[in-house]
Amino acid sequence: MATDSWALAVDKQEASKFMSSDRSFTCHSCLLEDKAAQSLLNKMIHTSLVNTTNQVEVLQRDPNSPLYSVKTFEELRLKDKLLKGVYDMGFNRPSKIQENALPMMLAEPPQNLIAQSQSGTGKTAAFVLAMLSHVDPTNKWAQCLCIAPTYELALQTGKVIEQMGKFYPEVKLAYAIRGNKLDRGAKLQEQIVIGTPGTVLDWCSKLKIINPKKISVFVLDEADVMIATQGHQDQSIRIQRMLPKECQMLLFSATFEDSVWKFAERVVPDPNIIKLKREEETLDTIKQYYVLCSDKEEKFTALCNIYGAITIAQAMIFCHTRRTAGWLAAELTKEGHVVALLSGEMTVEQRATIIERFREGKEKVLVTTNVCSRGIDVEQVSVVINFDLPMDKDGNADNETYLHRIGRTGRFGKRGLAVNMIDSKHSMNILNQIEEHFNKKINKLDTDDLDEIEKISN
Ligand SMILES: Nc1ncnc2c1ncn2[C@@H]1O[C@H](COP(=O)(O)OP(=O)(O)OP(=O)(O)O)[C@@H](O)[C@H]1O
């Protein structure tokens with residue numbers, strides 16, 4: 001092991017670089033960027049439904065009214081043109097969240113709804129269907145208003161509206177996003193408007209392009225990303241205040257921390273609430289080990305020894321910094337591995353392509369920094385290497401990230417292997433904190449002993 005003072009200094013230096021270079025939680029706009037990028041990545045990656053086995057929790061505003069849920073799209077009595085659009089998208093039956101949310105959203109009189117479920121569970125498709133159902137195509141003015149936190153997220157939702165409304169061409173869509181300049185007082189003919197809070201607010205107030213009094217459905221998407229900037233929160237509330245009392249208010253979020261909840265209560269009066277819990281991850285089915293090394297070169301040798309001794313279908317390797325990740329990917333490539341690298345300077349599109357290729361098995365090793373891969377699930381990975389242990393900005397163990405990197409949900413409970421590389425007293429300390437937190441012993445592995453490595457794969 002390296003001498004402490006030296007190793008600690010390197011750790012600290014690496015960590016501070018990691019904080020600034022990979023744009024972590026240091027400022028508000030970075031936080032929004034980070035959250036919005038994560039959200040967009042998830043959207044691009046989830047090309048089909050994410051199934052969860054958890055039950056939906058429903059809290060009705062009026063507990064005496066019967067609770068409807070549907071198992072088919074026919075039961076919703078949608079217009080033929082819409083049903084055709086839904087089937088054309090390859091949807092056979094409503095997703096778990098849609099079973100409950102759709103009847104509520106399509107009820108008469110309209111009901112307000114706050115819905116929370118993880119990315120990929122069908123929220124967007126649900127509110128898009130609700131908006132398309134509510135529109136009266138003979139009226140040539142804005143009737144449904146949907147706001148999203150960023151330009152890119154608004155475009156993604158717009159695509160779903162266009163796709164689902166493919167057989168309903170009378171319904172038109174307008175984008176209230178930067179760059180889409182309209183003259184003051186120009187009257188919008190499109191019935192659905194999707195946009196970002198700032199531009200939507202301008203169109204409703206200063207420019208008077210939308211008459212907010214004629215809006216009958218208001219959707220606030222990605223509320224958890226939205227509240228990451230104070231400005232967006234205020235703008236959303238200002239838009240909401242201009243809408244008529246009877247306007248249906250719908251709010252969606254992938255997570256539900258207190259701050260989201262407080263915001264949701266301000267913008268959605270008398271809500272029904274639907275929650276789909278995320279499945280809990282556990283370390284129960286994971287074999288965890290640590291390896292002692294003196295520096296990154298030795299960590300690399302240990303990694304090669306592991307690869308030489310056991311067959312690894314796919315592995316994810318986590319590093320603190322872009323620089324270490326880049327170096328490691330290059331070294332592994334020299335050794336003949338087919339490696340994918342997720343790096344901080346890549347665009348969201350580039351990252352989505354890399355993750356998609358890895359999911360398809362085109363690359364067997366994915367080297368990444370934590371910031372890059374936060375919130376992304378690649379469940380089929382059987383081996384996770386913590387080339388650097390996850391730590392927070394104060395240099396303490398980041399237990400939540402550790403669990404997210406290597407934990408499994410019930411559904412993906414197949415056995416996994418996690419190897420932690422330790423090269424200083426500081427990293428050993430982090431490992432001990434992790435052991436203590438999860439109350440699980442992490443055993444030492446001697447990577448110079450091939451027989452011993454072979455045993456861990458059995
Ligand atoms: N009922 C359904 N049957 C089959 N696929 C569906 C259904 N509903 C949605 N999908 C598909 O599942 C994926 C995720 O759906 P959707 O985008 O609506 O989820 P989401 O919860 O809004 O997630 P995100 O916020 O990341 O977009 C999409 O590819 C969508 O086309």
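Atoms within each ligand, like the ligands themselves, are counted from 1 in listed order.
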Sequence neighbours excluded, every pair satisfying ring-ring contact (aromatic ring centres under 6.0 Å, His included) that has a member inside residues 92-124: none
Residue pairs, two or more places apart or on separate chains, that pass ring-ring contact (aromatic ring centres under 6.0 Å, His included) and touch residues 124-156: F127-F252
Before accepting this row, confirm whether a basic side-chain N of the pair K440/D284 lies closer than 4.0 Å to the acidic partner's carboxylate O. yes
Assign the ring pair W261 / F256 to parallel, tilted or perpendicular, where the plane angle (0 to 90°) is split at 30° and 60°. perpendicular
Would you kindly check if the NZ (Lys) or CZ (Arg) of R93 is within the cone defined by 45 degrees around the ring axis of F73 and under 6.0 Å from the six-membered ring centre? no
Might you list the protein residues in contact with ligand 1, defined as having a heavy atom under 4.0 Å from one of its atoms, sorted by chain and number? K43, H46, T47, S48, L49, F73, F91, R93, P94, S95, Q98, Q118, S119, G120, T121, G122, K123, T124, A125, E222
In chain order, what residues pass the salt bridge (Lys or Arg N to Asp or Glu O under 4.0 Å) check against E400, with sequence neighbours excluded? none
